[in-house]
Amino acid sequence: MDQLEYFHLPPGGTPPELNCQQPFAAVVVIKADISAEWRRSVSRWLVQSGCLYMMAWGTESSAWDDSVDHANLEAFDYDEIPDEHLVMTTWHDNEPLEDVLWFATNSLEHPVRKIERLILIDISTQERRIEIMNSLARSAD
């Protein structure tokens, strides 16, 4: 990945403005309990902001996978999604975070679009940039 960004998103918080037209992949690291409605809101934000590949890791990661899939369908009125707007989703509840980060930085591919931007979204009560960036560094080993 050419570009890497970290965002701390406290449960119930407002997602940041991404200000970029470039498609991106996101690793959503969930370390807090959140409401289903807030998850739907964040999932819509991901799709509307240009996320084309979302990997969820942590608490209720499979629910995030479903929620982003639903937001992608909703964005196209539940009709066929054009390939260039298809959001690939995965969830990882039994894997080390380092494995997910390694995949995100080394093997991730969208079927038709080039993705060069990776956003790490840390959903937790406290900012954990150093901890997550250390996991990313360990994933390279």
Side-chain angles (χ1 to χ4, degrees), residues 1-76 78-141:
M1 289 290 155
D2 292 340
Q3 299 175 42
L4 175 68
E5 298 170 71
Y6 167 92
F7 291 102
H8 173 239
L9 184 56
T14 302
E17 188 70 35
L18 296 180
N19 296 326
C20 184
Q21 300 301 321
Q22 183 181 16
F24 64 91
V27 176
V28 181
V29 180
I30 311 106
K31 208 56 165 167
D33 294 326
I34 52 92
S35 71
E37 182 55 41
W38 188 75
R39 180 175 39 247
R40 280 190 293 274
S41 175
V42 172
S43 295
R44 288 181 188 122
W45 164 77
L46 282 167
V47 171
Q48 292 167 357
S49 298
C51 181
L52 291 180
Y53 209 117
M54 189 283 310
M55 293 150 281
W57 182 90
T59 307
E60 296 186 341
S61 59
S62 66
W64 281 89
D65 178 82
D66 293 342
S67 184
V68 172
D69 286 343
H70 182 67
N72 196 202
L73 287 165
E74 184 181 286
F76 291 92
Y78 299 91
D79 204 353
E80 188 172 335
I81 300 169
D83 290 344
E84 65 271 11
H85 295 286
L86 177 65
V87 181
M88 307 295 294
T89 61
T90 60
W91 77 96
H92 308 271
D93 55 1
N94 292 317
E95 297 174 42
L97 178 57
E98 287 82 4
D99 290 357
V100 177
L101 294 170
W102 183 90
F103 178 82
T105 55
N106 293 287
S107 294
L108 179 144
E109 276 191 45
H110 187 272
V112 296
R113 303 274 307 266
K114 185 167 177 71
I115 299 176
E116 297 177 344
R117 182 181 185 199
L118 177 63
I119 298 177
L120 307 174
I121 301 169
D122 179 19
I123 298 175
S124 59
T125 55
Q126 297 181 18
E127 192 268 348
R128 300 174 313 135
R129 177 187 306 266
I130 292 173
E131 179 182 336
I132 291 176
M133 296 310 277
N134 284 341
S135 291
L136 180 65
R138 283 191 304 273
S139 77
D141 294 340

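FYI, side chains are in, hydrogens and waters are out, and symmetry mates aren't considered; it's all heavy atoms of this structure.
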Check whether any side-chain heavy atom of [X] sits under 4.5 Å from a side-chain heavy atom of [Y], and report yes or no.
| X | Y | answer |
| --- | --- | --- |
| E131 | L97 | no |
| M88 | L108 | no |
| W91 | V28 | no |

Minimum heavy-atom separation for [X] to [Y], with atom names?
| X | Y | value |
| --- | --- | --- |
| I115 | P23 | CG2-O, 4.3 Å |
| W38 | P10 | CZ2-O, 3.5 Å |
| V47 | V68 | CG2-O, 4.0 Å |
| L136 | L101 | N-CD1, 3.6 Å |
| L86 | H110 | O-NE2, 2.6 Å |

* Using atom types as modelled and distance alone, determine if a side-chain donor or acceptor of D83 lies under 3.5 Å from a backbone N or O of V112. => no
**Report entry** Side chain W45, main chain P16, donor-acceptor under 3.5 Å
**Finding:** yes
Here the gap from S135 atom OG to D99 atom CG, rounded to the nearest 0.5 Å, amounts to 11.0 Å
| request: Carefully, step by step, assess V100 and E95 under the rule side-chain contact (heavy atoms from CB on, under 4.5 Å). | output: CA-CA 7 Å; V100 177; E95 297 174 42; 4.2 Å; yes
Self-check item: Aromatic ring proximity, centroids under 6.0 angstrom, H70 and Y78
Solution: yes
Q) Given R44 and S41, is the side-chain hydrogen bond (donor to acceptor under 3.5 Å, both in side chains) satisfied, shown in steps? A) CA-CA 5 Å; R44 288 181 188 122; S41 175; 5.8 Å; no
Can you classify the ring geometry of Y53 versus F103 as parallel (below 30°), tilted (30 to 60°) or perpendicular (above 60°)?
tilted
